[in-house]
S.K.: 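My structure is below; once you've seen it, I'll send some questions.
Convention: sequence-line order gives letters A, B, ...; per-chain numbering from 1.
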Amino acid sequence: MNTSVQTDETPRYPFREIERTWQKRWADADIYKVDTSSTKPKFYTLVMFPYPSGSGLHVGHGKNYIPGDVLARHMRMKGYNVLNPMGWDAFGQPAEQDAIKRGVNPRTVVPQLAAEYRRQLETLGVSYDWSREINSTEPAYYKWNQWAFLLLLERGLAYRDNAPVNWCVNESTVLANEEVVDGKCWRCDGPVVQKPLPQWKFKITAYADKLIAGLDTINWPEGVKTQQREWIGRSEGAEVDFAVTGDTPANITVFTTRPDTLWGATFLVLAPEHPLVATITTDAQKAAVNDYIDAASRASEQDRTAENRPKTGVFTGAYAQNPVNGEDIPIWIADYVLTGYGTGAIMAVPAHDQRDFDFAKAMGLAIRLVYRESDDQTDDAITAAFAEGGTLRADIGAPESIVGLPNDKYTTVPKVLDVIANQGYARKRVNYRLRDWLVSRQRYWGTPIPIIHCPACGIVPVPVDQLPVLLPDVENYKPGNDGRSPLASIPEFVNCTCPTCGGAAERETDTMAGSVDSSWYFLRFTSPDCTTGAWDRAAADYWMPVDLYLGGREHAVGHLLYCRFFTKVFHDAGLLTADEPAYALRNQGMLLAESFVDKENGHPIKPDELHKYNPDQLEKQWLKMSKSKGNAVTPDEMADSYGADALRLYICFEAPFEDTIQWSEERMSGTFRFLSRSWDVIQTIAGTTVDASTDHADARSVRRKVHQTIAKVSLAIADLRMNTVVSSLMILQDVIRKFVTAGGATHPAAREAAEAFTLLLAPLAPHTADALWELLGHANTFTINEAWPESDPEVAAEDEVTVVVQVNGKLRDKLTLPAGADNASTEAAAMALPKIVAELDGKTIRKVIVVPNKLVNIVAG
RNA sequence: GGGCGAGUGGUGAAAUGGCAGACACGCUGGUCUUAGGAGCCAGUGCCGCAAGGCGUAGGGGUUCAACUCCCCUCUCGCCCACCA
């Protein structure tokens, strides 16, 4: 496919030369550097910073960066002081795994990869202020990661915990809850099991309510907000204590959202990891219980949560007393009760909860209805949990005041909870699904955690003036399988003196998850060279919050929750005025490309391996573009064949920002043709001398189209509807070309149109626009420094309009009328149309609707 | 099972209650050409010779008027999923 490329002779539209020339001029003039003394209103636009991988950039990355750059350029022309920065999220598992796969040391390749990413982005003609480039793997950056860690520690928001954690078997590291996807590791798809290890956590749960409340103050997609609310998972309910009967005195506390069903609790279930299991289990049951716990700890999270998995569990031999009726009920353990949620123990009400029902049936346990539809309904008659309907039974010992209430969680539950809370059987309690954020990693490639373990003083933070704790240079950075970081085997790193007592001590050898680095980078961009703090307060308060943040939907509950948490912590610590990182957020759609896939196993096949396959083994599929799938197209190839501007236009034109698009080089030839034609026609106009005395019948309508297009494009760019921006420009270009063909090239309207068109094109195709702008006589300047054209409503106004005439809502004829005709004359003109007269013959007119300048609808019958 | 989003020509899509299919790809024809896989011009939702009729996943509703708002059903995509 090479239809549009003009290789041999000088191309009609010399895009390669244009792009080379202007990229050099931009760099030489340093035009994207932010003016820190500006008095203009600020606009901070940010795209999620990438980790530079060995695969390099492909055009799919442009799905986000290009529209972001178009908006940044537009806002600058609109008179805003724009911050549009870029940097590298180069610490963490993705970068490290990539280095391992390629057999290289991340320390040596990351700078090279970052340079290559930057070169490729520059090829696209982006307007980043590279003087603000940040790289999270440099001490100047990660020093402040360590500072942030200590700030959280000081504020009681960082702690060391010994609870069971997610452990990725393949990569030998722990994972945050948000990094376990489908029970598997987010990076390697390997199995994840629970393993008890001492780990550092950030207490994000302390911010659960603030994180929920903040969602009402930001303009983020509803889907992302909903996901965050559900991930935080606030639920109101009660805690109830059950006293264990028998020899071992103990209390089992359960959390429930249905305290009204307490009379139907016929057994308790503890998570296998529950701390009381060992204490309460009777000798007779010990062996069975230990076997069960053993099996549960070995099973991966995926196996334990598999869909439709039959309920399993084992009896502890112990009983507990139901406080409301004094009944002794058996205590079981089962892995359908999760250790991390609530209290890790539940009261089971099989009559009204399907999971408990399934368990009761499997184990032959009692079922008792609390709500019944009638007095005849018997406990053993139900075949599934009775979740809705019925009224509270009189014969189960419940207080008079609640008997007969309907089975409704919104009305009855609070009433019953009040009653039993007064009686002392329950305490009101709010629970969250959100768990604390596990930030330590047993890996090399990350920020060292600035902690010292002293035999005398315990956990001692490294004093801030001793930061950064440098990540040592090592030969072997690969993780071991002993659950310890590679840093643990470097004595020079580990051995140190305690800052408090001066005695021999050891450094923490875990590093921080990469998600810590990305939780505040948007603040660093406001003052990337600040050495007195993580950011300069005045700069951060000037720029923050980010006005528009662009990135993928996959970050909805990971990064986008973490960075909101960090921002709120900084705000509460009095270090920042903003309390949300980004006022507006938009999620780009994916870019898919066609790949060949092995029919047998669904694996994508790279083009150079296709010859090994027989054609009927292969199937074409649209998959997310990536080098590993063999369907990647680089910006370099496209810039060489069609130019970066054509690529930018293609990405913008193919679909709205949020939509997924399917890569098509064939379609890109359309935007290439558009640019070639633009080059021709503007060049033609630029090559003539304006003759103010010329008169042309179409001049008025050309000017009208120009001003209409300005208005339309301005609105659409701000809303990221770049596809309609491009189409409006195509229509305008067509009008200009026809005017030139009709002899209008020297008319002032042609010049006005050419200049407006060039400026409107500038955010999308900056190289071509700058070259045309120069041809139009604007030497030594750049379109990005020009003012965005203003639409004059009087020029844009139509003087004639087409009015649609309907009878009973069906289109019957059209009228051309002067704009602004009054309703009476519009109606009269419609009624006089022969087709309408014929249509209305023999009918009675009941009603006539007139929408000025648009439509007449005659209701008749 | 739950949440969010989507369903419009051969294809990507446009239309924020008022002419459905703008713009573009593809295709067809014309033109210019030694040539065309370049350029330019025109046509292109479906049925029909036409007049005209039909048409935005399907069904119902609101409205003078529905791709658009409401209800039900189906299909697809993404996310979450034993959370007590």
S.K.: State whether A:Asp216 and A:Arg229 are salt-bridged, where the test is any N-O pair (Lys NZ or Arg NE/NH1/NH2 against Asp/Glu carboxylate O) under 4.0 Å.
M.R.: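 Looking at A:Asp216 and A:Arg229, the cut-off is met.
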S.K.: Between B:G7 and B:C67, how far apart are the C1' atoms? Round to whole Å, please.
M.R.: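 About 11 Å, rounded to a whole number of Å.
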S.K.: What interatomic distance, in whole Å, is found between C1' of B:A65 and the corresponding atom of B:G17?
M.R.: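 About 8 Å, rounded to a whole number of Å.
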S.K.: Rounded to whole Å, please give me the gap between CZ in A:Phe674 and P in B:A38.
M.R.: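 My rounded result for the distance is 20 Å.
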S.K.: B:G53 phosphate, OP1 or OP2: any side-chain N/O from A:Arg812 under 4.0 angstrom?
M.R.: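 Checking B:G53 against A:Arg812, a side-chain N or O does come within under 4.0 Å of OP1 or OP2.
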S.K.: Just checking A:Thr671: base, sugar-phosphate only, or nothing, at a heavy-atom cut-off of under 4.0 Å?
M.R.: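 Counting heavy atoms under 4.0 Å across all strands, no contact is made by A:Thr671.
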S.K.: Under 3.5 Å for both donor-acceptor distances, Watson-Crick or wobble: does B:C69 have a partner, and if so which one?
M.R.: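 Check on B:C69: paired to B:G61, both distances under 3.5 Å.
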S.K.: State the pairing partner of B:G52; accept Watson-Crick or G-U wobble contacts with both distances under 3.5 Å, and report none otherwise.
M.R.: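 Check on B:G52: paired to B:C47, both distances under 3.5 Å.
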S.K.: What's the closest nucleotide to the A:Leu855 side chain, out of B:A14, B:G18, B:C23?
M.R.: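 Closest nucleotide among those given: B:G18.
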S.K.: Applying a 4.0 Å non-hydrogen cut-off, can you work out what A:Arg737 is touching in the nucleic acid: base, sugar-phosphate, or nothing?
M.R.: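 Since only primed, P, OP1 and OP2 atoms lie under 4.0 Å of A:Arg737, the category is sugar-phosphate.
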S.K.: Using a strict threshold of under 4.0 Å (side-chain N to carboxylate O), is an ion pair present between A:Asp358 and A:Lys361?
M.R.: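 So A:Lys361 does not pair with A:Asp358 through a salt bridge.
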S.K.: Base, sugar-phosphate alone, or nothing: which one does A:Asn857 contact when heavy atoms must sit under 4.0 Å apart?
M.R.: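 Touches a base.
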S.K.: Expressed as a whole number of angstroms, how long is the span from A:Glu654:CD to B:A24:C1'?
M.R.: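 It works out to 8 Å between those atoms.
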S.K.: Is B:G30 in the syn range, within 90° of 0, or in the anti range?
M.R.: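 Anti for B:G30; the angle lies over 90° from 0.
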S.K.: Report the nucleotide, chosen from B:U11, B:A84, B:C23, that has the shortest atom-to-atom distance to any side-chain atom of A:Arg667.
M.R.: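 Shortest atom-to-atom distance from the side chain points to B:U11.
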S.K.: Which base, if any, makes a Watson-Crick or G-U wobble pair with B:A6, both distances under 3.5 Å?
M.R.: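 Here B:A6 is engaged in a pair, and the nucleotide opposite it is B:U75.
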S.K.: If you compare every side-chain N and O of A:Arg677 against the phosphate oxygens of B:A38 (OP1, OP2), does one of them come in below 4.0 Å?
M.R.: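 False: A:Arg677 side-chain N/O out of range (4.0 Å or more) of B:A38 OP1/OP2.
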S.K.: Could you walk me through whether A:Tyr642 and A:Glu665 pass side chain to side chain donor-acceptor pair (under 3.5 Å), step by step?
M.R.: CA-CA 10 Å; A:Tyr642 304 89; A:Glu665 195 173 328; 2.7 Å; yes
S.K.: Of all the choices, B:U11, B:C82, B:C23, which nucleotide is nearest to the side chain of A:Phe653 once you look at every atom?
M.R.: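 Selected nucleotide (nearest to the side chain): B:C23.
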S.K.: Please examine the side chains of A:Val848 and A:Met831, heavy atoms only from C-beta on, and report whether any two atoms are closer than 4.5 Å.
M.R.: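 SC-SC contact between A:Met831 and A:Val848 confirmed.
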S.K.: Pick base, sugar-phosphate or nothing for A:Lys810, based on heavy-atom distances below 4.0 Å to the nucleic acid.
M.R.: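 Result for A:Lys810 = sugar-phosphate.
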S.K.: Nearest-Å distance, CG (A:Asn853) to P (B:G18)?
M.R.: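 From A:Asn853 CG to B:G18 P: 15 Å.
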S.K.: Pair up each side-chain donor or acceptor in residues 551-562 of chain A with any protein partner under 3.5 Å, not counting sequence neighbours, and list the distances.
M.R.:
| unit_1 | atom_1 | unit_2 | atom_2 | d |
| --- | --- | --- | --- | --- |
| A:Arg553 | NH1 | A:Gln588 | O | 3.1 |
| A:Arg553 | NH2 | A:Glu658 | O | 3.4 |
| A:His559 | ND1 | A:Ser518 | O | 3.4 |
| A:His559 | NE2 | A:Tyr549 | OH | 2.7 |
| A:Tyr562 | OH | A:Glu178 | OE1 | 2.8 |

S.K.: Check every strand shown and say whether A:Gln806 touches a base, only sugar-phosphate, or nothing at a heavy-atom separation below 4.0 Å.
M.R.: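 Base contact.
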S.K.: Atom NZ of A:Lys624 to atom C1' of B:C79: distance rounded to whole Å?
M.R.: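 From A:Lys624 NZ to B:C79 C1': 14 Å.
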S.K.: Suppose we define a pair by two distances each less than 3.5 Å, Watson-Crick or G-U wobble; what does B:G29 pair with here?
M.R.: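 Answer to the pairing question: B:C41, which forms a Watson-Crick or G-U pair with B:G29.
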S.K.: Using atom CG of A:Asp659 as one end and atom P of B:G5 as the other, report the distance to the nearest whole Å.
M.R.: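 Value for this atom pair: 14 Å.
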S.K.: With no hydrogens and no angle check, is any side-chain donor or acceptor of A:Thr343 less than 3.5 Å from a backbone partner on A:Thr253?
M.R.: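 Present.
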S.K.: Report yes if at least one side-chain N or O of A:Arg673 is closer than 4.0 Å to OP1 or OP2 of B:C40; otherwise report no.
M.R.: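 A:Arg673 to B:C40 OP1/OP2: no side-chain N or O under 4.0 Å.
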S.K.: Can you tell me the distance, in whole Å, between the NZ atom of A:Lys835 and the P atom of B:G52?
M.R.: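 One finds 6 Å between P of B:G52 and NZ of A:Lys835, rounded.
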S.K.: For A:Glu222, which contact category applies under a 4.0 Å heavy-atom criterion: base, sugar-phosphate, or nothing?
M.R.: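 No contact.
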S.K.: If we take the P atom in both B:G9 and B:A14, what is their distance in whole Å?
M.R.: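 These two P atoms come out 14 Å apart once rounded.
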S.K.: Look at the side chain of A:Lys854 and the base of B:C19, then say whether one donor and one acceptor between them are separated by less than 3.5 Å.
M.R.: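 Looking at the base of B:C19, it does not pair with any donor or acceptor on the side chain of A:Lys854 (distance under 3.5 Å).
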S.K.: Which residue, A:Val851 or A:Gly809, contacts RNA chain B at a nucleotide closer to its 5' end, judged by nearest heavy atom?
M.R.: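 It is A:Val851, whose closest nucleotide lies nearer the 5' terminus.
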S.K.: What is the distance, rounded to the nearest whole Å, between atom CD1 of A:Ile661 and atom P of B:U11?
M.R.: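 One finds 18 Å between P of B:U11 and CD1 of A:Ile661, rounded.
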S.K.: Provide the distance between the two P atoms, one in B:A24 and one in B:G45, to the nearest whole Å.
M.R.: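 Their P atoms lie roughly 15 Å apart.
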S.K.: Ignoring backbone atoms, establish whether A:Asn808 has a side-chain N or O less than 4.0 Å from OP1 or OP2 of B:A65.
M.R.: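 No, outside the criterion.
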S.K.: Give me the distance, rounded to whole Å, that separates B:C25 from B:U44 when you measure between the P atoms they each carry.
M.R.: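 Roughly 16 Å separates the two P atoms.
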S.K.: Measuring only the C1' atom in each nucleotide, how far is B:A15 from B:G30? A whole number of Å is fine.
M.R.: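 My reading of the C1' atoms in B:A15 and B:G30 gives 32 Å.
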S.K.: Which value, in whole Å, describes the distance between the P atoms of nucleotides B:A57 and B:A20?
M.R.: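 B:A57 and B:A20 have their P atoms separated by 16 Å.
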S.K.: Which sits closer to the 5' end of RNA chain B, A:Asn723 or A:Asp734, going by the nucleotide each is nearest to?
M.R.: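 It is A:Asn723, whose closest nucleotide lies nearer the 5' terminus.
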S.K.: Could you tell me whether A:Arg427 and A:Asp241 make a salt bridge, using a distance below 4.0 angstrom between a side-chain N and a carboxylate O?
M.R.: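 Yes, this pair counts.
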S.K.: Hunt down the Watson-Crick or G-U wobble partner of B:C19, both distances under 3.5 Å, from any strand shown, or write none.
M.R.: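 When the pairing criteria are applied, nothing turns out to pair with B:C19, so the answer is none.
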S.K.: Could you check whether A:Val859 gets within reach of a base, just the sugar-phosphate, or nothing at all, counting any heavy atom under 4.0 Å?
M.R.: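 Since only primed, P, OP1 and OP2 atoms lie under 4.0 Å of A:Val859, the category is sugar-phosphate.
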S.K.: Between B:C82, B:A20, B:A13, spot the one nearest the side chain of A:Ala655, thanks.
M.R.: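 So the side chain of A:Ala655 is nearest to B:A13.
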S.K.: So which of A:Val807, A:Val805, A:Leu833 actually passes side chain to side chain contact (heavy atoms under 4.5 Å, CB included) with A:Arg812?
M.R.: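 When side chain to side chain contact (heavy atoms under 4.5 Å, CB included) is applied between A:Arg812 and each of A:Val807, A:Val805, A:Leu833, only A:Val807 qualifies.
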S.K.: Hey, does A:Pro221 reach any base, or is it just sugar-phosphate, or nothing, if we go heavy atoms under 4.0 Å?
M.R.: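 Here A:Pro221 touches no strand at all.
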S.K.: How long is the line joining NZ of A:Lys705 and C1' of B:C23, in whole Å?
M.R.: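 These atoms are roughly 12 Å apart.
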S.K.: From the list B:A81, B:C19, B:U16, which nucleotide is the closest neighbour of the side chain of A:Arg433?
M.R.: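 So the nucleotide nearest the side chain must be B:A81.
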S.K.: Can you tell me how far C1' in B:A38 sits from the matching atom in B:U31, rounded to whole Å?
M.R.: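 Roughly 14 Å separates the two C1' atoms.
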S.K.: Kindly say whether, by distance alone, the side chain of A:Lys814 makes a donor-acceptor pair under 3.5 Å with the base of B:C19?
M.R.: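 Yes.
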S.K.: Between B:C19, B:C82, B:A84, spot the one nearest the side chain of A:Thr802, thanks.
M.R.: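 Between B:C19, B:C82, B:A84, the one nearest the side chain of A:Thr802 would be B:C19.
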S.K.: Find the partner of B:G36: check Watson-Crick (N1-N3 plus N6-O4 or O6-N4) and G-U wobble (N1-O2, O6-N3) distances, both under 3.5 Å, and reply none if neither fits.
M.R.: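 No nucleotide pairs with B:G36.
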S.K.: Below 4.0 angstrom, N of the basic side chain to O of the carboxylate: do A:Lys63 and A:Asp659 qualify?
M.R.: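 No, this pair does not count.
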S.K.: Is the A:Phe359-A:Phe267 ring centre distance short of 6.0 angstrom?
M.R.: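 Ring centroids of A:Phe359 and A:Phe267 are less than 6.0 Å from each other.
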S.K.: Under 4.0 Å between any heavy atoms, over every strand shown, what does A:Asn587 touch: base, sugar-phosphate, or nothing? Just pick one.
M.R.: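 Nothing, no heavy atom under 4.0 Å.
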S.K.: Taking only the side-chain nitrogens and oxygens of A:Ser727, find out if one of them lies under 4.0 Å from OP1 or OP2 of B:A13.
M.R.: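 No.
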